[in-house]
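Let me begin by presenting the structure, written as structure tokens, before commenting on it.
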Amino acid sequence: MDLSARLKQKLRTPKDALAESLVAEAKALRNFLDGASTDLPWALRLNDAGGNKKIVEILEEKTRSLQLSLATIVLNDRSNAYTDALLRAVKILAKTTEMPNSTQYNTTGEAVRYYPLGLILYTIFVCGVAAGRGDLLKQVLEIPLKRSRRRDPEHILELFYYWHDARALFNDAFSQRSCEPIAQRIRQVINDRVGEMFAEVSEPEFFFRGEFVLALAHIDLNITGGSAVEYQMPLPGLYLYMHEAYEVIEELLLDHPDWLDKVYKNPLDEILGLFDQNASKAIAPNCIAIGLRGLRTAEFYRQALQGKTKE
């Protein structure tokens, strides 16, 4: 061990060592996604359920340690000792993909490389909503999605459009015809890995509340960016299609926790009004969304405000 390494080992605290390990985990995942590994080809084909399922599982396994570590931080780190390390780790993953030189690729091979970042964001929001970490969620949403060759960065939520071409691969991998196959898989992975951390909360409650709060962030982004009203719609998600999402989202809005308003830059009542107006535009083609049918989110929010005023 050289002198600089010895000094670093001597001077850093145990907390620093854990933080650096978290960042190193994110760097290792980023290097895997950017490389030309034969385990993760840049050119992927459909009609190969076994091979494509293996691709998905490889990405999930590469993400496992980081996902569990970030979930633990979000749920338990009330003193924000590891918030900086969490944000650094997400920043490392938040970049557009760039294939190695002289590598054959297709859009599916590119798109599937956004799955780990999407899985991480979902996990942070599911845990962050359960733990009431509004300030942290806002910080995560301020991380840019860096583009290659010094082009202007994009918003991190753009990753959910970049991964669009991977949807067919997920349906192929699990022999299904889901309207939201990636979100469906993420739900399963989060429950399998993180579910036991939610001792007093049901699975639909922690998953759909997290997904809904994340989906609203896209409306907030479009309001801030000055998009036309008809384009100010939420992110697509599984919550649009599942009956079990209705009640837990309704309860979240009626509870109106104080942290919820901290997540967004614009007033929540404005965001919810646009959600009620435009949510149907986030439905996948040839799909029917029944999960939130009849739900008026802005109305529930106003009821919650009135109740707090009377108190």
Tell me if the [atom1] atom of [X] is crowded by more than 12 foreign heavy atoms within 6.0 Å.
X      : atom1 : result
Glu247 : CD    : no
Phe174 : CZ    : yes
Lys53  : NZ    : no
Tyr161 : OH    : yes

*4.5 Å side-chain heavy-atom contact, Tyr231 and Ile219*: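 Heavy-atom side-chain distance check fails, nothing below 4.5 Å.
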*Is there a side-chain contact between Gln232 and Gln277 (heavy atoms, below 4.5 Å)?*
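In short, these two side chains do not touch, never coming nearer than 4.5 Å.
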Is there a path from [X] to [Y] through hydrophobic residues (I, L, V, M, F, W, Y) whose side chains come within less than 4.5 Å of each other?
X      : Y      : result
Ile156 : Ile92  : no
Leu87  : Val23  : no
Ile290 : Ile249 : no

*Under 3.5 Å, is there a donor-acceptor pair between the side chain of Asp165 and the main chain of Thr107?*
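Not a single qualifying donor-acceptor pair exists.
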Are a donor atom and an acceptor atom from the side chains of [X] and [Y] found within less than 3.5 Å of each other?
X      : Y      : value
Asn171 : Ser178 : no
Asp34  : Thr97  : no
Asp192 : Gln188 : yes
Asn80  : Arg133 : yes
Glu211 : Tyr122 : yes
Glu60  : Gln67  : no

Under a 4.0 Å N-O cut-off, is there an ion pair linking [X] with [Y]?
X      : Y      : result
Glu61  : Arg64  : yes
Arg302 : Glu270 : no
Arg187 : Glu203 : yes
Lys281 : Glu230 : no

Give me the atom names and distance for the closest heavy-atom approach of [X] to [Y].
X      : Y      : answer
Met197 : Ala71  : SD-CB, 4.1 Å
Gly294 : Tyr246 : O-OH, 3.8 Å
Val56  : Tyr115 : CG1-CE2, 4.0 Å

Straight-line distance of [X] [atom1] to [Y] [atom2], nearest 0.5 Å:
X      : Y      : atom1 : atom2 : value
Leu305 : Tyr301 : CG    : OH    : 4.5 Å
Ile190 : Thr123 : CD1   : OG1   : 4.0 Å
Leu216 : Asn266 : CG    : CG    : 12.0 Å
Ile186 : Asn191 : CD1   : CG    : 13.5 Å

*Applying side chain to side chain contact (heavy atoms under 4.5 Å, CB included), run through Leu221 and Lys265 and close with a yes or a no.*
CA-CA 8 Å; Leu221 170 65; Lys265 295 181 178 179; over 6 Å; no
Return a table of donor-acceptor pairs under 3.5 angstrom between the side chains of residues 235-243 and protein atoms on other chains or two or more places apart.
residue	atom	partner	partner atom	Å
Tyr239	OH	Leu235	O	2.7
Tyr241	OH	Ala284	N	2.9

*asked:* Cation-pi check for Trp163 against Arg113: NZ or CZ below 6.0 Å from the six-membered ring centre and within 45 degrees of the axis, yes or no?
replied: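 Ring-cation test returns no.
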